Peer 1: 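I have a structure I would like to understand better, so I am pasting it below and will then ask my questions one at a time.
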Amino acid sequence: MLRIIGFAIATLVCLPAFAQNYGGTFTTKNEQGGTVTLALKQDSASNVTGTLTGNNNTFQVEAKATPQGLMGKISGPQGQLYLTAQFEGASLTVLLAEPMANGQPNLNSARRIVFTKGGSGAAAKTEKPAASDTDGQLTAFLTRNAWCGFTYNQHSGTSTRERVVFGANGLVSRNSGAQTYNSGPAGSVAGQYGNSEQGRWKVADGMLHLSQDGTNWAPQPLQVTQNSNGYPIIKSGGKEYMQCN
């Protein structure tokens, strides 16, 4: 698999500079017509705790409010679920994902629940949503320009540059080049090599998906922040990608 983006759960690209306040009581209706209540408290350090109650069950919420949304977990008698949430207008959209054997969230079976604050919401939505404005924003964001990354290994003296291009035709390409420097009795020896990869990409449900064959897709969530000058940075797998000059 084309390894460009690593693990994180995020759904929106247009991010605020600071984390929002997720404190309050949010409700919705489940498919049986019962009320589901999400009660949250947020402290000054952006730690969020509370409960998720419905169907005579109560789950404990432990999460963190970040510029990318609310991220954490819920715990109950049956185990734990990954939780992420974002405000979409007046609604709070929550995604719940079961952990797989490797500890990663199973995004293919994630449940999407839309809550409203301080009142009874619409019926809980557990089906996969259709393409949304978020998908369009993320697509436009990724295709706006090429993305470049740079890493340096101080132990080996190897510097690596990457250039990733998300094409409007659904193809994604990654070109990388590395330079190495080795010192020995004969002096310093420099070497360089390059590598190119290509695959397919798409955006669905606010997530980036990658594929080598166009049939088997793997979700590759990304985290977007801003540098001190306000330019966007994609953070993933311990790497940072910025707009190429």
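Source: prediction; values computed, not measured.
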Peer 1: My understanding is that a hydrophobic cluster links ILVMFWY residues whose side chain heavy atoms are under 4.5 Å apart, including indirect links. Using that, what else belongs to the cluster containing Leu171?
Peer 2: none
Peer 1: Looking only at heavy atoms, which two atoms of Val94 and Ala85 are closest? And how far apart?
Peer 2: CG2-CB, 3.9 Å
Peer 1: Treating Thr84 as the side-chain partner and Leu70 as the backbone partner, does any N or O pair qualify as donor plus acceptor under 3.5 Å?
Peer 2: yes
Peer 1: Below 4.5 Å, heavy atoms only, C-beta onward: do Val36 and Phe115 meet side chain to side chain?
Peer 2: yes
Peer 1: Looking at every non-hydrogen atom in both residues, tell me the closest pair between Gln80 and Pro99 and how far apart they are.
Peer 2: O-CD, 3.4 Å
Peer 1: So Gln198 and Ser196, do their side chains get closer than 4.5 Å, heavy atoms only?
Peer 2: no
Peer 1: Could you tell me which non-hydrogen atom of Phe150 sits nearest to which non-hydrogen atom of Arg161, and how far apart they are?
Peer 2: CD1-CG, 3.6 Å
Peer 1: Would you please name every residue forming a side-chain contact (heavy atoms from CB on, under 4.5 Å) with Asn102, sequence neighbours left out?
Peer 2: Met100, Gln104
Peer 1: For a 4.5 angstrom cut-off between non-hydrogen side-chain atoms, does Gln60 reach Ile74?
Peer 2: no
Peer 1: Heavy atoms, side chains only, cut-off 4.5 Å: are Leu38 and Thr25 in contact?
Peer 2: no
Peer 1: State, yes or no, whether a side-chain contact exists between Gln86 and Tyr22 at a heavy-atom distance under 4.5 Å.
Peer 2: yes
Peer 1: Are Lys73 and Leu83 packed together at the side-chain level, in the sense that at least one heavy-atom pair is separated by less than 4.5 angstrom?
Peer 2: no
Peer 1: Starting from Met242, can I reach Val172 by hopping between I/L/V/M/F/W/Y residues whose side chains sit under 4.5 Å apart?
Peer 2: no
Peer 1: Mind checking side-chain contact (heavy atoms from CB on, under 4.5 Å) for Asp213 and listing every partner two or more places apart, or none if nothing turns up?
Peer 2: Ser211, Thr215, Asn216
Peer 1: Can you get from Leu208 to Ile233 by hopping between Ile, Leu, Val, Met, Phe, Trp and Tyr side chains that sit under 4.5 Å apart?
Peer 2: no
Peer 1: Can any side-chain N or O of Trp217 pair as donor or acceptor with the backbone N or O of Arg200 at less than 3.5 Å?
Peer 2: no
Peer 1: Do Thr116 and Phe26 have side chains that get closer than 4.5 Å, going by heavy atoms?
Peer 2: no
Peer 1: Closest approach of Tyr82 and Pro105, non-hydrogen atoms and distance?
Peer 2: CD1-CB, 3.5 Å
Peer 1: Work out which heavy atom in Gly23 is nearest to a heavy atom in Asn21; give both atom names and the distance.
Peer 2: N-OD1, 2.7 Å
Peer 1: Can you see whether Glu162 engages Ser176 through a side-chain donor-acceptor pair at a distance of less than 3.5 angstrom?
Peer 2: no
Peer 1: Just jot down the side-chain contact (heavy atoms from CB on, under 4.5 Å) partners of Glu98, sequence neighbours excluded, or say none.
Peer 2: Leu81
Peer 1: I'd like to check the side-chain contact (heavy atoms from CB on, under 4.5 Å) partners of Arg163; sequence neighbours left out, ordered by chain and number.
Peer 2: Ala146, Cys148, Val165, Cys244
Peer 1: Is there a side-chain contact between Thr139 and Trp201 in this structure, where contact means two heavy atoms from C-beta onward sitting under 4.5 Å apart?
Peer 2: yes
Peer 1: Compile the donor-acceptor pairs under 3.5 Å between side chains in residues 48-58 and protein atoms, sequence neighbours left out, one pair per line.
Peer 2:
unit_1 : atom_1 : unit_2 : atom_2 : d
Asn55  : OD1    : Asn30  : ND2    : 2.8
Asn57  : ND2    : Asn55  : O      : 3.3

Peer 1: State the CD1-CD distance between Ile234 and Gln243, to the nearest 0.5 angstrom.
Peer 2: 9.0 Å
